[in-house]
Amino acid sequence: MQTPFKRRLMNLAVASACAVLAMPGHAQQAQAETAAASPDEAKPAEAAAASTSNENTVVVSGSRIAARGFTQPTPTTSLSSADLEKAAKPNIFESLIELPALQGSTGRTTNTFSTSSGIQGLSSLSLRGLGTLRTLTLLDGQRVVGANVTGVTDVSQFPQLLVKRVDVVTGGASASYGSDAIGGVVNFITDKKFTGFKANVSGGETKYHDDKSGTLQAAWGQGFADDRLHVTVSGEFTKQNGIDSPGFGQVGAGGRTWYNNPALQESTQAMQAAGAPRYKSIVNAQHIQYAKYGLITNGPLKGTAFGPGGTPYPFQYGTDCVGNFCIGGDRDGSVGAGTNLAMNFKRQVAYSRISWDIDADNEIYVTGNWAQVKSVFSPNPGAAKQGNLSIRCDNAFLPPSVAAGCASGYPTGVMSVGTSNGEFPSNINVHPTRTQRRGVIGADGRFNLFGKEWRYDAYAEHGENTTVIRVKDITLNPRYNFAIDAIKDPATGQIVCRSVAARAAGCQPINIFGNVPINMAGWNYIAPSNGPLQHTDSSQNVVSANINGELAKGWAGPISLAFGAEWRREEYSVHGDPYGAGVAVESPYTPEHPADPTLSTTGDNWFAGNYHNGKGSFNVREGYVELNIPFLKSATLGEANLNIADREEKYSTSGKARAWKIGSTWQTPIDGLRVRAVSSKDVRAPNLSELYAAMTVTNQAVNNNQGQSIQIQQRNVGNPALKPEEARNNSFGLVLSQPSWARSFNFSVDYYDIKVRNVISSLNPQQEVDLCYGGNKEVCSAVSINGPAGTNYVLAQSFNFASLHTRGVDFEMAYRKNMADFGLPGSVTLRGLASRMIHSISDPGVPGTTPIEGAGAMTGATPKWKALVQQSWDGLLNGKLGLNLSERWIGAGVFNNEFIECRSNCPLPTAAHPTIFDNHMPGAVYFDLGGSYNYSKQVTGYFKIDNLADRAPVLVPQTNLSLALNPAVYDSVGRTYRVGVRVNY
């Protein structure tokens, strides 16, 4: 009985045979086939796609085909080890994210404001701004266990010194490599037969004498037993000290002067009705809802702040006070600048590969990798309470004059206070640690069958990743509220917590009124030494086999075939502490987190970092076939080939999925000009987090279809019924490669168009209720709002409703010139890459919402233009000196494409289209300078200065005081110096 999978394979084979038979009979005799260097397969000076035999068989990451003369249709950019050395970064990740196609990656300068995201310190790559979830990152073409419950990998856990090139496939590659390759693939290729010893030692710091860094890397490889046994080992250590929080006020970290308290000031409804814009960007902003050591925000004492020793004084509000902000005034309590610009970061990696040559053509091997990445950062100083603290008039810490004014002026006996808690002795600090253990056993080689040479590779992998996130110096909300509500004990005259139950549980009072030393017993009570904890164990098992070779001789050349199969299982479990996750079997009370009757047993007690419990797993079986069919070889018409592939997948959770591609390349009769085009269907299956996210519960209100407000529980939870995302990826390009009139010149331009449907995205409770009343049965299963009071709930889940659409144009150019033609030493290499994002549209797919255009929105990750231009001059001073200069360019854009810019006579703003005074956001250019000097054949010294002009980041104001910059787009660190030495024996 034929399965659908077998039928599709047969259909593909039949179609291929028909294509061969239909080839023109006048095809000319095959000319000598070569692997021409081109922008998608090589850098100007050397082939980036490594030849695996003396027959110029080229392996490129955009395809599973390895054949003589094969030029794939999928655009691929390669960075060689020489390119990476010139970048001279402590982490290869920092070099890659400068490529224009890489947009939206995460790293040690992003998410420094977050306590609970789980991606802090995670170095993950994103192509096309489609997100790290839709970019597949591989090591030697193999999958790597995820460093996060979403399944994304951490590039910092890879062995980097042995990387000889990185292929960035900027097109859909699911048919060749499987799920997640919607945006493309980034494939790290290591030197598997490295022989000798090499090392790299470097150090650096910024202009501001912070973010000091040191890197030590070493690798050794040796052949034994007549070179049949080959052993390679490497070890790496990198430490980057980060840029610490400067604390409170309008200050810059490490002496930086560009931070000026930017904010979006929101006008009143009356002002908007009169034609004023809703938002206006201001600087020197001051929040009116809190002060550093306490501010009364309502009633007759409004504007009373507390200073040294608790002395009350009138708060300086500044001018132009509208909404939550004034301009100027007392900004000492501002918390916006108090986020680390860069995390304290440490990576340690140990790697080994042992191989045995069974014969001249076949080997078996084992690899092992241990890696640990640690980060430390502070998301904010203090713990701002924006006028939401209810303070009773008999609070024992209130100055007598304030207590008297409260008693006479507040009939309820309660007034509102806001504070940024400047008296706290320490800032919140987050400590993520990720530890990877990965082993691979495999075989590769070649064999002959029916007179043809075939190549194979097969491997089995087991990987584990343990992530532990600890948060320190953070408060428990209930304990904080008990501790600040202090009274004098009538019996003893001592200041104690008002709540008898809290006192019995150890409550110690604290004074939040004024610049006074905090009671350390009270601090230890509200911020226990054992803070929030999240422990995640992830595992991955893979068995994969791939075969490729020459199927037959066609009219225009050899017909090549690649096919293979893979089985993969991924699993995770996560538990938190009982205060954050709730008391459960996975998170019981312990000596580190003992029972406290004043805390909720269902969790969510911390100020931030309430990590919950969860677990889940899935497995997938898949098989693929890929064909390359040359169908034209003519002296007058040129050469052309057809590349087709099909992959069938079956997930234990979401069922069947299919990916395919069809592409072609045409070497035109025009000297050096090649045309390429590819269309593919790509998939991303839901990850473990989306399927099995642990439940969290909050109280909310929704309106039913009759406009009645109903109190519900919002239960945030995963959705096991999710289906794979499906993308249609089309690209068309022109490649000019080494024409006779410019043998050292390469240029390519590619247009791409990616449409993703069934995008997995979350809905809020009201959207789910509206969809249910609109007749959506799938959503109705997550809604229950017609029961008795206290029983109603909405499961806030992810659904396959949204869609994404991105399109743009990529450019790549490379040129090499021997300067001897001008009577000068050495050679000059020019290389430029640029990406023009035309559209990046996200459609929630929910009635009442509108699509959002992200291209050029500088609060996101997709600027309209992103470019990297490099110039290098090698071979100076008798071949010893090399210099390189590069420019990173970000084009100008807007704050948000959905905003309407106006200054007067503005239309009334809507939720989808707010009005703004100035929607323009400038671009930026950063210059980097580097050089190297060969002291000998074995020893090279080098230097690098990034952001040579110390270009300050463009500030991106928010509706609340924050760091107000976008490190995903702009350089936030400043000028950085590095020097180092490389040795190679």
Side-chain angles (χ1 to χ4, degrees), residues 79-98 107-109 121 123 155-164 166 188 190-191 194 196-220 233-243 342-351 371-375 870 872 874 880-886 888 926-948 950 971 973-985:
L79 293 181
S80 69
S81 58
D83 296 322
L84 298 171
E85 287 178 356
K86 287 180 179 178
K89 304 281 190 180
N91 192 333
I92 286 180
F93 170 82
E94 296 176 15
S95 302
L96 293 175
I97 59 176
E98 293 180 352
R108 70 185 190 97
T109 61
S123 302
V155 172
S156 297
Q157 294 180 327
F158 287 16
Q160 298 185 0
L161 185 62
L162 290 172
V163 171
K164 65 179 181 181
V166 180
F188 290 73
T190 64
D191 188 348
F194 172 71
F197 173 82
K198 64 178 177 179
N200 173 45
V201 181
S202 69
E205 67 177 19
T206 72
K207 167 189 171 181
Y208 306 95
H209 306 295
D210 53 19
D211 203 23
K212 295 180 180 180
S213 65
T215 296
L216 175 62
Q217 300 171 305
W220 171 84
V233 294
S234 71
E236 303 180 19
F237 175 85
T238 298
K239 181 71 164 65
Q240 295 169 277
N241 286 346
I243 303 173
M343 300 179 189
N344 184 303
F345 180 88
K346 182 171 70 174
R347 62 179 295 266
Q348 303 171 83
V349 181
Y351 173 82
Q372 187 174 84
V373 178
K374 292 184 176 182
S375 304
Q870 301 167 315
S872 61
D874 298 306
K880 292 181 176 294
L881 177 66
L883 295 173
N884 55 86
L885 178 69
S886 64
R888 295 173 279 141
Y926 305 99
F927 296 90
D928 305 331
L929 175 67
S932 62
Y933 185 82
N934 299 323
Y935 293 98
S936 66
K937 290 183 178 180
Q938 292 81 28
V939 181
T940 300
Y942 63 92
F943 77 93
K944 184 72 182 302
I945 305 175
D946 288 333
N947 195 355
L948 184 64
D950 195 31
D971 186 314
V973 173
R975 185 189 303 154
T976 303
Y977 307 94
R978 280 188 296 276
V979 295
V981 176
R982 299 186 184 97
V983 297
N984 197 335
Y985 292 93

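Residue indices begin at 1 and follow the sequence shown.
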*Please step through side chain to side chain donor-acceptor pair (under 3.5 Å) for the pair T206 and D211, ending with a clear verdict.*
CA-CA 6 Å; T206 72; D211 203 23; over 6 Å; no
Rounded to the nearest 0.5 Å, how far does [atom2] of [Y] lie from [atom1] of [X]?
X: Q372; Y: Q348; atom1: CD; atom2: CD; value: 5.5 Å
X: D928; Y: N884; atom1: CG; atom2: CG; value: 9.0 Å
X: R982; Y: T940; atom1: CZ; atom2: OG1; value: 7.5 Å
X: Q870; Y: L885; atom1: CD; atom2: CG; value: 10.0 Å

Minimum heavy-atom distance [X]-[Y], with the two atoms named:
X: M343; Y: G107; result: CE-O, 4.4 Å
X: F158; Y: E236; result: O-OE1, 4.3 Å
X: S123; Y: S156; result: OG-OG, 2.9 Å
X: R975; Y: I945; result: CG-CG2, 3.8 Å
X: G930; Y: K944; result: CA-CD, 3.9 Å
X: T109; Y: A342; result: CG2-CB, 3.9 Å

Within the structure provided, determine whether [X] and [Y] are in side-chain contact (heavy-atom separation under 4.5 Å).
X: V983; Y: F197; result: yes
X: L162; Y: Y351; result: yes
X: N200; Y: T215; result: yes
X: N241; Y: K212; result: yes
X: E94; Y: R108; result: yes
X: V981; Y: Y942; result: no
X: P90; Y: F345; result: no
X: Q157; Y: V349; result: no

*Do R978 and E205 meet the salt-bridge criterion of a basic N to acidic O distance under 4.0 Å?*
no
*Any salt bridge between R888 and D946, counting N to O under 4.0 Å?*
no
*Apply the side-chain contact (heavy atoms from CB on, under 4.5 Å) test between S213 and each candidate in K89, K239, Q240; give the one that qualifies.*
Q240
*asked:* Whether the Q160 and N91 side chains hold a donor-acceptor pair (N or O, under 3.5 Å, no angle test) is what I'd like checked.
replied: yes
*N947 side chain to K207 side chain, donor-acceptor N/O pair below 3.5 angstrom*: no
*Please check if the side chain of Y985 supplies one atom and the backbone of Q938 the other of a donor-acceptor pair under 3.5 Å.*
no
*asked:* Going by side chain to side chain donor-acceptor pair (under 3.5 Å), K86 matches just one of S80, S872, S932, S95. Which one?
replied: S872
*Please lay out, stage by stage, how I243 and V973 fare under the test side-chain contact (heavy atoms from CB on, under 4.5 Å).*
CA-CA 8 Å; I243 303 173; V973 173; 3.9 Å; yes
*Begin with the C-alpha distance, continue with both residues' side-chain angles, and end with the deciding distance and a verdict on side-chain contact (heavy atoms from CB on, under 4.5 Å) for N934 and V939.*
CA-CA 6 Å; N934 299 323; V939 181; over 6 Å; no
_Are there over 12 heavy-atom neighbours, none belonging to F237, within less than 6.0 Å of that residue's CZ?_
yes
*Within 45° of the six-membered ring axis of F194 and under 6.0 Å from that ring's centre, is NZ or CZ of K198 located there?*
yes
